[in-house]
Amino acid sequence: MKHYELAINFYKQKGPRHDKALWAIRQKRDKAIKEVDEWEELREKASKIKDEVINNLQDYVKEFIKNAKKEGIELFFAKDAKEHNEIVFDLLKEINAKKVVKSKSMLTEECGLNEFLEKRGIEVIDTDLGERIVQLRGEKPSHIVLPAIHTTKEEVAEILGESNTDPTYLTHKMRELLRNEFLSADAGISGANFLVADKGWAVVCTNEGNADLGAVLPKLHIISVGVEKIVPSMRDLGVFLRMLARNATGQKITTYTSIFGRKENGKRVIVLVDNGRFERLNTEFKETLKCIRCSACLTTCPVFRRSGGHAYRYVIPGPIGSLLAPLNNKEEYSDLPFACTLCNSCEMVCPVKIPFSKQLVKMREYVTKDDFAFKFIETSLHSPFAFKLFSKIIRLTPKSILKKALNEWSKYKEFPTIPPKRFIDG
Ligand code: SF4
C-alpha cells in the first residue's frame, strides 16, 4: 500500500491523538530552545561541523579507527547491511551467545539485524521501553526517538497481560521484566549517537540507562554505527549535546550521556557501517548525511503527525525518511517525497540545517526521472505542438477515464473540471 492509503487508515483510528501528542512535544521543544540565546549560532556551528566531516569523511574514519584501536577497542568495517550482520553474528558465535540485549539503534533496524540473528538461533531483546513494546507487538518502530508513540496505554497493558493501564505501573512492570534479561544476556548491542575522532570514543545518549546496562553487564559489548556519526573532537561534541535532547523532546540533556572507550570487564567492539553512505557523498543528497537523528523533523511535520510513522513503510519515516528511503529503494518508496506539503517546518527545526525543501523537490525529480507519465508531460510542456495536441486529447477524454488513468489522488479529492476552451483561444 502507498503512503496516502496507510495514512488515511491510521488517521481514522489514531490520527488526532497522535497529532496532539506530537504537537505537545513540538511545543516543549520550542520552549526549551528559547532558553538558549545562541540557539541559531549553535545550529550554524553544528551545520558547519557536519559539512567538515562529510567533506573529509575518509580522513575522519581513519583518524577514529586509529584512536579507537589505541583505546583498546576492536574495530570492523562493514561495507553493507549483510556484512554488518555477519560480523555481529560471528562475534556472538565466538562466545556461543544465545541471548543479546539491544538498546535502540536505527542502524540495526536499517540492517535487519534482529531478524538475521533470530533466524540463526540468537534471541534479541530490545531494551528501550518503546522498542520493547513494538517488539512484543510484532511491529517496527514508528518514530526514531519515540518508537511506540502510535500505541495506546491500553494496548501496552494488553501485551503485558495486565488490567492496570496506568503508565507508571506499566513502566515498572516492563522494568522488572527487562532487569532479568540484562542479567542473563551473553552480550549487549547498542548504537552510538556520536563517535569522537580525536579520542576514539563512542557516545551513547539514552533516557532509560538501558544502553549502559547492556554495555557494562555482559562481557561483550558491540556498537553498530554508521560512519557519518563522527564528530572531530570533544569540543564539537559539546555543540551537539546541547542541541540533541532539546530539539528532540524539549529536555535540557538526555538523562544518560555515556562515553565509551576501553571496556574494563571484557571486550568492546565497534562495527563501522557504510551501507551506501560513501556513495551518497557523490550525489546531490549528500547533506542527508548530516542528520543526527534528533527526530524534530518528524515531530513537527503536519503529514507525519497525522499519518503516523508506519505509513512511510521505511525504517526512518517522516521528512528525513522521505529522502533516505528512495535512496535505498527508488521503486518501492517513490511516493514518499510527495507525502509532503513543502511547508518547510522540517527545515526550520533541523539542528544541522538540512535544506529540506530543495532536497525534497530534487528527490521528486530523482524518483520520477524514468516515469513515463512525467516524461510525457515534460515533452508536452517543451513543444507547443505537443502541448496543443495533449490539451485537445484531455478535453475530449471523459472525466471518469481521466480520473482513473491519471490521478490516483482523486480517489480522495475532487478532480478539477477542465475548461472547455483553452485560455488562449478566448
Ligand atoms: S534531518 Fe534534521 S531534524 Fe530531522 S532527524 Fe535529522 S537532524 Fe533531526
Side-chain angles (χ1 to χ4, degrees), residues 6 9-10 13-14 17-18 21-22 85 88-89 92 97-191 204 206-215 217-218 222 224 249 255-256 293 295 298 308-317 321:
L6 293 164
N9 286 343
F10 178 82
Q13 292 170 27
K14 294 182 175 172
R17 185 198 66 86
H18 190 260
L22 288 173
N85 293 346
V88 174
F89 177 62
L92 296 173
K98 294 277 173 279
K99 186 201 283 185
V100 296
V101 279
K102 187 164 82 61
S103 75
K104 197 154 71 56
S105 147
M106 294 320 292
L107 183 89
T108 57
E109 295 286 343
E110 175 185 325
C111 295
L113 182 68
N114 284 22
E115 296 78 4
F116 186 92
L117 294 180
E118 269 157 14
K119 264 191 206 149
R120 286 156 185 80
I122 297 176
E123 191 185 3
V124 183
I125 307 286
D126 278 314
T127 57
D128 171 273
L129 174 64
E131 288 257 322
R132 185 64 178 151
I133 292 169
V134 293
Q135 188 181 38
L136 290 172
R137 281 168 57 85
E139 290 178 326
K140 291 281 173 199
S142 69
H143 185 285
I144 58 179
V145 167
L146 311 158
I149 185 78
H150 61 287
T151 52
T152 60
K153 55 186 193 313
E154 288 76 19
E155 286 168 338
V156 177
E158 193 188 321
I159 47 146
L160 291 179
E162 296 286 333
S163 51
N164 188 342
T165 59
D166 173 51
T168 310
Y169 172 81
L170 294 171
T171 307
H172 283 285
K173 196 81 214 158
M174 192 68 102
R175 190 169 184 243
E176 245 170 61
L177 297 171
L178 285 173
R179 188 56 57 127
N180 294 330
E181 305 292 4
F182 279 116
L183 293 171
S184 57
D186 302 301
I189 299 176
S190 73
V204 182
T206 70
N207 278 324
E208 297 164 25
N210 56 317
D212 305 76
L213 284 177
L217 291 177
I222 302 170
S224 294
T249 54
T255 314
Y256 299 89
R293 306 280 189 266
S295 83
L298 282 65
H310 289 153
Y312 292 79
R313 317 179 311 280
Y314 187 61
V315 54
I316 299 185

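Only heavy atoms go into these numbers, but all of them, side chains included; no hydrogens, no water, no symmetry mates. Predicted, not measured: the structure shown is a model, and the values here were computed from it.
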Review point. Where is the tightest heavy-atom contact between Ser142 and Pro317, given as atom of each residue plus distance?
Key: O-CG, 3.5 Å

Exercise for review: Spell out, as yes or no, whether a donor-acceptor pair under 3.5 Å connects the side chain of Gln135 to the backbone of Val124.
Suggested key: yes

**Study point:** Pairs touching residues 115-160 that satisfy ring-ring contact (aromatic ring centres under 6.0 Å, His included), sequence neighbours left out
**Key:** His143-Phe304, His150-His310

Practice item. Indicate yes or no: does Lys140 engage Glu115 in a salt bridge with an N to O separation below 4.0 Å. Key: yes

**Study point:** Euclidean distance, Ile149 CD1 relative to Leu298 CG, rounded to 0.5 Å
**Key:** 11.0 Å

Practice item. Evaluate the side-chain proximity of Ile125 to Lys99: yes if any heavy-atom separation is below 4.5 Å, no if none is. Key: yes

Point to revise | Distance (rounded to the nearest 0.5 Å) between Leu183 CG and Leu178 CG | key: 11.0 Å

**Study point:** For Ser105, side-chain contact (heavy atoms from CB on, under 4.5 Å) partners two or more places apart
**Key:** Leu107, Thr108

Exercise for review: Tell me, please, which residues at least two apart from Phe10 pass ring-ring contact (aromatic ring centres under 6.0 Å, His included).
Suggested key: His18

Exercise for review: Would you check if Val315 and Pro141 make a side-chain contact, meaning some heavy-atom pair closer than 4.5 Å?
Suggested key: no

Point to revise | CD (Glu158) with more than 12 external heavy atoms under 6.0 Å | key: no

Check your understanding: Which residue pairs pass the salt bridge (charged side-chain N to carboxylate O under 4.0 Å, His left out) test when at least one of the two sits in residues 120-130, sequence neighbours left out?
Key -> Lys102-Asp126

Check your understanding: Does Thr127 reach the side chain of Leu213, with side-chain heavy atoms less than 4.5 Å apart?
Key -> no

Point to revise | Step-by-step side chain to side chain contact (heavy atoms under 4.5 Å, CB included) determination, Ile133 to Ile159 | key: CA-CA 8 Å; Ile133 292 169; Ile159 47 146; 4.1 Å; yes

Exercise for review: Decide yes or no for Leu146 and Leu22: does some side-chain heavy atom of the first lie under 4.5 Å from some side-chain heavy atom of the second?
Suggested key: yes

Check your understanding: If you measure only the distance, is there a donor-acceptor pair under 3.5 Å linking the side chains of Thr206 and Lys104?
Key -> no

Check your understanding: With sequence neighbours left out, what residues match Gln13 under side-chain contact (heavy atoms from CB on, under 4.5 Å)?
Key -> none

Point to revise | Test item: Asn85 side-chain N/O and Cys111 main-chain N/O as donor-acceptor pair under 3.5 Å | key: yes

Review point. What closest approach, in Å, do Leu170 and Ala157 show between heavy atoms, and which atom pair accounts for it?
Key: CD2-CA, 3.8 Å

Practice item. List the atom of Ala211, the atom of Val204, and the distance in Å for their closest heavy-atom pair. Key: CB-CG1, 3.7 Å

Exercise for review: First locate atom CD of Glu131, then atom CG of Asn210, and finally report the distance between them rounded to the nearest 0.5 Å.
Suggested key: 9.0 Å

Review point. If every non-hydrogen atom of Pro218 is compared with every non-hydrogen atom of Gly188, which pair is closest and at what distance?
Key: CG-N, 3.8 Å

Check your understanding: So which heavy atom on Gly130 is nearest to which on Pro147, and how close?
Key -> C-CG, 3.8 Å

**Study point:** Point-to-point distance, once rounded to the nearest 0.5 Å, from CG of Leu160 to CG of Leu136
**Key:** 7.0 Å

Review point. Would you say Leu117 and Ile189 make side-chain contact, with heavy atoms under 4.5 Å?
Key: yes

Review point. Among pairs that include at least one residue of residues 165-180, which meet side chain to side chain donor-acceptor pair (under 3.5 Å), considering only residues two or more places apart or in two chains?
Key: Glu162-Tyr169

Review point. If you round to the nearest 0.5 Å, how far is CZ of Phe182 from CG of Asp212?
Key: 9.0 Å

Review point. For the residue pair Val88 and Ser224, what are the closest heavy atoms and their distance?
Key: CG2-OG, 4.2 Å

Check your understanding: Between Glu208 and Arg132, is there a side-chain N and carboxylate O pair less than 4.0 Å apart?
Key -> no

